[in-house]
Amino acid sequence: MDFFNLQPDEWQALTLTLRVAAAALLVTLPLAILVAYILARYRFPGHGFVNALVHLPLVLPPVVTGYVLLLTFGRKGPIGVFLDNLFGISFAFNWTGAALAASVMSFPLIVRPIRLSFEAVDPKLEDAARSLGAHRFVGFLTVTLPLALPGILGGAILGFAKAMGEFGATITFVSNIPGETRTLALALYTATQTPSGDLAAFRLTLIAVVVAFAALIASELLARRLRTRLGGGNA
């Protein structure tokens with residue numbers, strides 16, 4: 001049936017979306033773990049401000065976030081010019097810009113469950129590791145990180161799903177360029193604006209729903225399995 005036959009441009013949008021989401025997660029996850037641990041374990045002046053800043057993309061209109069990225073990382077933006085002149089890295093109207101927009105928009109969704117997992121780990125376990133001579137970082141790697149693994153995996157999968165569905169910040173920052181920045185969400189938008197594009201729009205919608213639903217189910221199953229294993233191991 002024609003309905004199940006993806007067109008070349010639709011395959012291109014799907015593969016680009018996976019590429020963008022994977023790159024966004026790869027860059028964002030280590031920073032999200034660091035920020036989540038700091039917010040969970042330390043209280044410092046400006047703690048509330050940092051927490052609000054982390055979650056700001058959740059409440060701002062995505063178009064505003066995309067415009068801020070354009071002003072900052074665009075070809076005339078201060079950071080964009082710096083990176084382009086020194087390293088030849090360009091974000092504007094490039095798939096790397098789509099990955100950056102996806103990273104920013106998914107960051108709060110990754111940080112939140114990881115922070116909750118860190119807060120659930122008893123700090124006395126870390127103190128016990130240090131009392132046995134383990135360096136703070138070693139104790140983090142061997143004690144805290146494994147116990148927080150369900151939240152980390154859950155946050156990673158949610159962030160990946162969010163990155164796949166990102167639209168507003170992406171189209172504002174890097175536009176809608178076929179083969180370069182047109183992700184699945186942008187391809188769906190394009191189909192809805194095209195005469196006789198109803199079939200393609202419905203097909204892309206179905207793909208997006210299936211992928212997002214699968215990511216959410218996978219997140220829940222992985223978190224549950226890891227909790228069971230860790231609970232059994234602690235017993």
Side-chain angles (χ1 to χ4, degrees), residues 17-60 65 99-166 169 210-235:
T17 300
L18 294 172
R19 180 184 180 188
V20 165
L25 182 62
L26 184 65
V27 172
T28 306
L29 186 58
L31 180 60
I33 293 174
L34 175 62
V35 171
Y37 184 77
I38 292 174
L39 291 176
R41 283 291 185 264
Y42 299 99
R43 291 295 181 268
F44 51 87
H47 182 278
F49 174 79
V50 173
N51 184 55
L53 185 64
V54 168
H55 292 87
L56 193 59
L58 288 179
V59 295
L60 277 178
T65 302
L100 177 60
S103 298
V104 173
M105 295 302 296
S106 63
F107 189 71
L109 291 177
I110 301 176
V111 170
R112 183 63 178 170
I114 297 177
R115 177 185 175 182
L116 293 176
S117 291
F118 282 143
E119 290 177 343
V121 177
D122 192 344
K124 293 180 180 179
L125 297 175
E126 299 174 359
D127 296 337
R130 286 195 295 271
S131 68
L132 294 174
H135 188 271
R136 180 183 294 272
F137 183 67
V138 175
F140 171 78
L141 290 179
T142 58
V143 177
T144 310
L145 199 62
L147 292 175
L149 194 56
I152 293 174
L153 288 177
I157 294 175
L158 287 176
F160 184 81
K162 172 61 178 176
M164 286 196 63
E166 165 49 30
V210 169
V211 172
F213 192 77
L216 293 172
I217 294 297
S219 172
E220 178 64 25
L221 292 177
L222 282 174
R224 187 178 302 176
R225 180 172 297 182
L226 283 171
R227 291 192 193 100
T228 300
R229 289 185 177 181
L230 291 174
N234 292 335

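Worth saying up front: this structure is predicted, and the values here are computed from it rather than measured. Numbers here are sequence positions counted from 1.
- Closest heavy-atom contact between F160 and A22: CE1-N, 3.6 Å.
- The shortest heavy-atom contact between P113 and G155 is CG-CA, 3.5 Å.
- The side-chain heavy atoms of R41 and P123, taken from C-beta on, include a pair separated by under 4.5 Å.
- The ring pair (Phe, Tyr, Trp, His ring centres under 6.0 Å) check on H47 picks up F44, with sequence neighbours excluded.
- When all heavy atoms of M164 and T17 are compared, the closest pair comes out as O-CG2, 3.5 Å.
- Closest of all the heavy-atom pairs between I110 and G159 is CG1-CA, 3.6 Å.
- Under the salt bridge (Lys or Arg N to Asp or Glu O under 4.0 Å) criterion, the residue pairs touching residues 106-116 are R115-E119, with sequence neighbours excluded.
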Taking distance alone, no hydrogens or angles, what donor-acceptor pairs closer than 3.5 Å link side-chain atoms of residues 25-33 to residues at least two apart or in another chain?
unit_1	atom_1	unit_2	atom_2	d
T28	OG1	A24	O	2.6
T28	OG1	S103	OG	3.2

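- Rounded to the nearest 0.5 Å, atoms CD1 (I157) and CG (L221) are 9.0 Å apart.
- L34 pairs by the side chain to side chain contact (heavy atoms under 4.5 Å, CB included) definition with I38, not counting sequence neighbours.
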Side-chain donor-acceptor pairs under 3.5 Å in residues 146-153, sequence neighbours left out?
none

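- Listed here is the closest heavy atom pair of P57 and T65: CA-OG1, 4.4 Å.
- Counting only residues at least two apart or on different chains, no salt bridge (Lys or Arg N to Asp or Glu O under 4.0 Å) pair has a member in residues 24-35.
- Applying the side-chain hydrogen bond (donor to acceptor under 3.5 Å, both in side chains) test to pairs two or more places apart or on separate chains, those with a residue in residues 138-150 are E126-T144.
- Atoms CZ and CD1, from F213 and I217 in turn, are 4.0 Å apart once rounded to the nearest 0.5 Å.
- Within the structure, salt bridge (Lys or Arg N to Asp or Glu O under 4.0 Å) contacts touching residues 147-156 (residues at least two apart or in different chains) do not occur.
- You'll find the side chain of L109 reaches within 4.5 Å of the side chain of L58, heavy atoms only.
- By the ring pair (Phe, Tyr, Trp, His ring centres under 6.0 Å) test, F118 is found to be paired with Y37, F140, residues two or more places apart in sequence or in another chain being considered.
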